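Just so we're clear, the structure is a prediction, and the values are computed from it rather than from any experiment. Naming: A, B, ... by sequence-line order, numbering from 1 per chain. Values below: all heavy atoms of this structure, side chains included; hydrogens, waters and symmetry mates excluded.
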Amino acid sequence: MPELPEVETIRRQLSQKIIGKRLNGQKITDIRRRAKILIVDFADSSSLIFHLKLTGQLIFNGKPSQYTRKVFNFDDGSQLIFNDVRKFGWWKKVKEVKKIEEKFGPEALEIDFKTFRASLKKRPNSKIKPLLMDQKFIAGIGNIYSDEILFASNVRPMRLVKTLVKKESQKILQSIKKILKVAIKHQGSSVEHYLDACGQKGNYVKYHKVYQQKKCSLCDEQIKRIKIGGRSAHFCPKCQK
DNA sequence: ACAATATCCTGCGAGC
DNA sequence: TGCTCGCAGGATATTG
């Protein structure tokens, strides 16, 4: 499922390919990302925005399939295809994208500890994993990376925020940045259907420590898989407290 | 005001 | 073999 590293990978690839081209006569001036939303800006200050949700793909000059929901044609004959098996993903032309951008919490790669800790204080009774996935709390993290971040932090996903000591909050924020950055470096994680804008798989799956893993790479303990708020959560009962 | 649950959709894997 | 059933998940709406 495309989370921050996957959308960021697509953003970087597409910015090389389509900035300066025209779509329906409109010149593309920039490609940005906010949370898991990809934003294509036009010269007239309107934008085309995408959310890939679970199984969305945006592939430059890709070959259309039965799951292709939309083909965007550029003035030079190149194209961008939007594939989506489960049809949860969407795209939308908007006049004023700022309003949408404002709905999200601070970007995961930009938030500072002071802000992070203050936000945590406001949600004492939340379980940490669902909170990390709350886009209004912090933007960009989904099911895969919340599991990986909490493993790296030695904190169990069901821990209540009010039980976290300062050191643990620090470790969590540190892990958020580290894991997301490394995942971007490896073009994200290809579980389910994710492919980047070149139609390639992301390699970060190789580095997953808990998400859909059987045994802990550090202590050999069986990885536990539980449900938290209707979502799967993976953790090592030995390494995570 | 907060947190938990249902909802959308479709392919896939388990089980009979 | 071939069918049914349940599961996966992001974000929103609804319920508790």
Margin query: Less than 6.0 angstrom from the centroid, inside 45 degrees of the normal: does K166(A) satisfy that with respect to the ring of F113(A)?
Written below: no
Next item on the list: State whether a side-chain donor-acceptor pair under 3.5 Å links D196(A) with Q187(A).
Entry: no
Margin query: With a 4.0 Å limit, can you tell me whether K36(A) has a side-chain N or O closer than that to the phosphate oxygens OP1/OP2 of dA11(C)?
Written below: yes
Notebook entry, point to check: Taking NZ from K92(A) and P from dT12(C), how many angstroms apart are they, rounded to a whole number?
Noted result: 9 Å
Note to self: Rounding to an integer number of Å, can you tell me how far Y145(A) OH sits from dG10(C) C1'?
What the structure shows: 15 Å
Note to self: The side chain of R225(A) is closest to which nucleotide in this list: dA8(C), dC8(B), dT12(C)?
What the structure shows: dA8(C)
Notebook entry, point to check: For H51(A) and dG10(C), is the shortest distance between a side-chain N/O and OP1 or OP2 below 4.0 Å?
Noted result: no
Next item on the list: Please state how far atom CZ in F88(A) lies from atom P in dA8(C), giving the value in whole angstrom units.
Entry: 14 Å
Check: Considering only side-chain heavy atoms of M133(A), which listed nucleotide, dG10(C), dA3(B), dA4(B), is closest?
Finding: dG10(C)
Margin query: Assuming nearest nucleotide by heavy-atom distance, tell me which of L54(A) and S126(A) is located more 5' along DNA chain B.
Written below: S126(A)
Check: If you look at every strand shown and take non-hydrogen atoms under 4.0 Å, does N125(A) touch a base, only sugar-phosphate, or nothing?
Finding: sugar-phosphate
Notebook entry, point to check: What is the nucleic acid contact for Y211(A), judged by heavy atoms within less than 4.0 Å: base, sugar-phosphate only, or nothing?
Noted result: sugar-phosphate
Margin query: On the nucleotide dG9(C), are OP1 or OP2 found under 4.0 Å from the side-chain N or O atoms that Y194(A) carries?
Written below: no
Notebook entry, point to check: In whole angstroms, how far is the C1' atom of dC7(C) from the CG atom of N143(A)?
Noted result: 13 Å
Notebook entry, point to check: Can a donor-acceptor pair be found between the side chains of K21(A) and S78(A) at a distance below 3.5 Å?
Noted result: yes
Notebook entry, point to check: Taking CD1 from I226(A) and C1' from dA4(B), how many angstroms apart are they, rounded to a whole number?
Noted result: 15 Å
Checklist line | dA11(C) phosphate, OP1 or OP2, under 4.0 Å from K103(A) side-chain N/O | finding: no
Check: Within less than 4.0 Å of OP1 or OP2 of dT10(B), is there a side-chain N or O belonging to K87(A)?
Finding: yes
Notebook entry, point to check: Can you find a side chain N or O atom of T55(A) that sits less than 4.0 Å from OP1 or OP2 on dT10(B)?
Noted result: no
Margin query: Here's a test for you: under side-chain contact (heavy atoms from CB on, under 4.5 Å), which of D41(A), I39(A), V40(A) qualifies with I49(A)?
Written below: I39(A)
Check: In whole angstrom, what separates L120(A)'s CG from dC2(B)'s P?
Finding: 14 Å
Next item on the list: Could you tell me whether K99(A) and E102(A) have a side-chain N and a carboxylate O separated by less than 4.0 Å?
Entry: no
Note to self: Quick check on dG11(B): is either OP1 or OP2 less than 4.0 Å from any side-chain nitrogen or oxygen of Y67(A)?
What the structure shows: yes
Margin query: Given dC9(B), dG10(C), dG11(B), identify the nucleotide with an atom nearest to the side chain of M1(A).
Written below: dG10(C)
Notebook entry, point to check: What orientation do Y145(A) and H208(A) show, parallel under 30°, tilted 30 to 60°, or perpendicular over 60°?
Noted result: perpendicular
Next item on the list: Look at K136(A) and dA11(C) and indicate whether a side-chain polar atom (N or O) is within less than 4.0 Å of OP1 or OP2.
Entry: no
Note to self: Distance criterion of 3.5 Å, no angle test: do you see the side chain of R231(A) paired donor-to-acceptor with the base of dG10(C)?
What the structure shows: yes
Checklist line | Rounded interatomic separation in angstrom, taking CD1 from I228(A) and P from dG10(C) | finding: 13 Å
Notebook entry, point to check: Choosing from dA3(B), dA11(C), dC9(B), which nucleotide comes nearest the side chain of R86(A)?
Noted result: dC9(B)
Check: When the distance from CZ of F137(A) to P of dG10(C) is rounded to whole Å, what number comes out?
Finding: 17 Å
